[in-house]
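Single-structure report; data block below.
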There are 2 protein chains.
Amino acid sequence: MAERARRIPEATVARLPVYLRCLLELAEAKIATISSERLAELAGVNAAKVRKDLSYLGSYGTRGVGYDVEYLLFQMSRELGLTQDWPVVIVGVGNLGQALANYGGFTDRGFPIAALVDADRAKVGQKVHGNVVRHIDELPAIAAEVGIAIGIIATPAGAAQEVADRLVAAGIASILNFAPAVIAVPPSTSLRKVDLAVELQILSFYQQRRSGSIAVGPERAAN
Amino acid sequence: MAERARRIPEATVARLPVYLRCLLELAEAKIATISSERLAELAGVNAAKVRKDLSYLGSYGTRGVGYDVEYLLFQMSRELGLTQDWPVVIVGVGNLGQALANYGGFTDRGFPIAALVDADRAKVGQKVHGNVVRHIDELPAIAAEVGIAIGIIATPAGAAQEVADRLVAAGIASILNFAPAVIAVPPSTSLRKVDLAVELQILSFYQQRRSGSIAVGPERAAN
DNA sequence: TACCGCACGTGTTCACGTTCACATGGTGCG
DNA sequence: CGCACCATGTGAACGTGAACACGTGCGGTA
Ligand SMILES: NC(=O)c1ccc[n+]([C@@H]2O[C@H](COP(=O)([O-])OP(=O)(O)OC[C@H]3O[C@@H](n4cnc5c(N)ncnc54)[C@H](O)[C@@H]3O)[C@@H](O)[C@H]2O)c1
Ligand SMILES: NC(=O)c1ccc[n+]([C@@H]2O[C@H](COP(=O)([O-])OP(=O)(O)OC[C@H]3O[C@@H](n4cnc5c(N)ncnc54)[C@H](O)[C@@H]3O)[C@@H](O)[C@H]2O)c1
């Protein structure tokens, strides 16, 4: 095994998927090599940051030339763990949960929706996009049987913490939370959240600064 | 006018909505005062950060006691611009756009969905949750007539940049982008993005580090 | 084969945000 | 009325990530 001890900054990790998507587009357009400058433009960041970020993966570029798109794509996929599928369970098959289940974009990119669970007995047994909804009590069994890696919480906020606890108990160590609630998980678990209300309120803050008075806050343009 | 020149760090702005939600819960539970320590616990951060963040709003606490929930709620709402409604337009009434339109959580919190637009003539005229879908060409007219503040992009990635340009042209200066694409906007425009594929890939990265080898990357536990 | 130019890789500098620790000042009790 | 207690507010230390600038090495060319 190689020395995979390199620590990659969290900020860099968050940008890698963006680079990856740009590279996929380039590959599709049959572009063989890409300079940090051009890639930076596509990713909406500056060139120095691209080079720093990519250097954490290794020295995969060629000086005077740029990066080989295919090769970089491969290395980055490997680093991000995208050489294998990561089965996902969606908890809470309501308005949002169903929209996610019906969305093909995840399965395509290596995150197959392996199970849907809900606490509502009325929903159990329903079929959504080819998946039968099962009861959340079966979670440990489902997780063991399908090898679930990631849990998506799409329940009301009040149930989020309990659901998170159940996911953790079932051995699922990666959680994506859509519920507008702060939840706690053990340090060995990765937790990320998507909170639309928060996003809107952030926009509201800057909008008000802009319209209300003089001083304008910092915007995040490209990216 | 008061000295509203205080610059609030972006990181703080992103946390204010979280505090706000905690305070709303406290107010609902008829709790009159709250210490930074307790609020920190609810918000999933540490107490020093809470105090620093709140101090950007002003000195609204009482030493030896804590913060008055109602008063802080008021000040924070004002600062975030939540004393008024910010009408929202959703562009792209597909799978995601409809789910968002059907979701009551935005209107409740001061972000009424004032319009739905789509490029697909087949969708124009359809009614979703009480809103008639209109054609995107009407955007400037709609924006002027209803006073749209925020645009949500829920179209395929390929259309995202063009839609963003149209929103900007229509005078909408706050954009929330759900499409998996990097888009550029003028510096006077606020842009935030929600990218599920990116979130999943970030989880995948840490998951692989955990299962694959020794070294485990940094997790973000609570919040 | 030697030189030139170009873009990567990276040490360094700088800015921002987090954390710490404590002075400050308000509250309530004796 | 004075004292003890307690949580806020904040300067200062610290750490991380962003930006910069340039040394480095490779490919192309003559
Ligand atoms: N719908 C949206 O567009 C949208 C947008 C932003 C955020 N959200 C958030 O996403 C979450 C889900 O929203 P929604 O509109 O789908 O709500 P919903 O009420 O339509 O669906 C929630 C589902 O969760 C299930 N559920 C409740 N408690 C459960 C538990 N303990 N275990 C398992 N399942 C449980 C319910 O049976 C229901 O099927 C909410 O927290 C909401 O705030 C939704
Ligand atoms: N559905 C999900 O759960 C989900 C999850 C994550 C991300 N997304 C992203 O959200 C976006 C929308 O997803 P979806 O599933 O709703 O797609 P969809 O195909 O169901 O809907 C897209 C809608 O946008 C409209 N549209 C296309 N071009 C347009 C233009 N130029 N102007 C205005 N409208 C236009 C289409 O007519 C269609 O109604 C996609 O970028 C997708 O990747 C969706």
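Protein chains get the first letters and strands the later ones, always in sequence-line order, with residue 1 at the start of each. Quantities reported herein were computed from a predicted structural model and do not represent experimental measurements.
Residue B:Asn46 places at least one side-chain N or O under 4.0 Å from the OP1 or OP2 atom of C:dT19. Under 4.0 angstrom from either OP1 or OP2 of C:dG26 there lies no side-chain N or O belonging to B:Tyr67.
Look at CD on B:Gln75: it is 17 Å from P on D:dT8, rounded to the nearest Å. Taking atom NZ on B:Lys52 and atom C1' on D:dG11, their separation rounds to 7 Å, with Å as the unit. As rounded to whole Å, 12 Å separates atom P of C:dG17 from atom CD1 of B:Ile8. Taking atom CG on A:Leu72 and atom P on C:dA7, their separation rounds to 17 Å, with Å as the unit. For the pair B:Tyr19 OH and D:dT8 C1', the computed distance is 14 Å after rounding to whole Å. Atom CG of B:Asp53 and atom P of D:dG9 are 12 Å apart (whole Å). Here the C1' atom of nucleotide D:dG17 and the CZ atom of A:Arg7 are 10 Å apart, to the nearest Å. Atom CZ in B:Arg38 sits about 13 Å away from atom P in D:dT8, given to the nearest Å.
Between A:Phe106 and B:Leu196, some side-chain heavy-atom pair lies under the 4.5 Å cut-off.
Using a 4.0 Å heavy-atom criterion, one finds that A:Tyr56 contacts no nucleic acid atom at all. Among the heavy atoms of the strands lying under 4.0 Å from B:Ala11 are primed sugar atoms or P, OP1, OP2 only; no base atom is included.
A distance-only check finds no donor-acceptor pair linking the side chain of B:Asn177 to the backbone of B:Lys193 [under 3.5 Å].
With salt bridges taken as basic N to acidic carboxylate O contacts below 4.0 Å, none links A:Arg21 and A:Glu25.
If you look at A:Tyr67 and A:Tyr60, their ring centroids are not closer than 6.0 Å.
Heavy atoms of other residues, nucleotides or ligands lying less than 6.0 angstrom from CZ of A:Arg109 number 12 at most.
Considering only side-chain atoms of B:Arg63, the nucleotide from C:dT24, D:dT10, C:dT10 that sits closest is C:dT24. Closest to the side chain of A:Pro9, from the set D:dG17, D:dA18, C:dG9, is D:dG17. With distances taken from any side-chain atom of B:Ser35 to the nucleotides D:dT10, D:dA7, D:dG17, the minimum falls on D:dA7. Among the nucleotides D:dA19, D:dG17, C:dG26, the one closest to the side chain of B:Thr62 is C:dG26. Here C:dT19 is the nucleotide among C:dG9, D:dA18, C:dT19 with the atom lying nearest to any side-chain atom of B:Lys49. Side chain of A:Arg15, nearest nucleotide from D:dT8, C:dT27, D:dA18: D:dA18.
At a cut-off of 3.5 angstrom, the base of D:dT8 holds no donor-acceptor pair with the side chain of B:Arg51.
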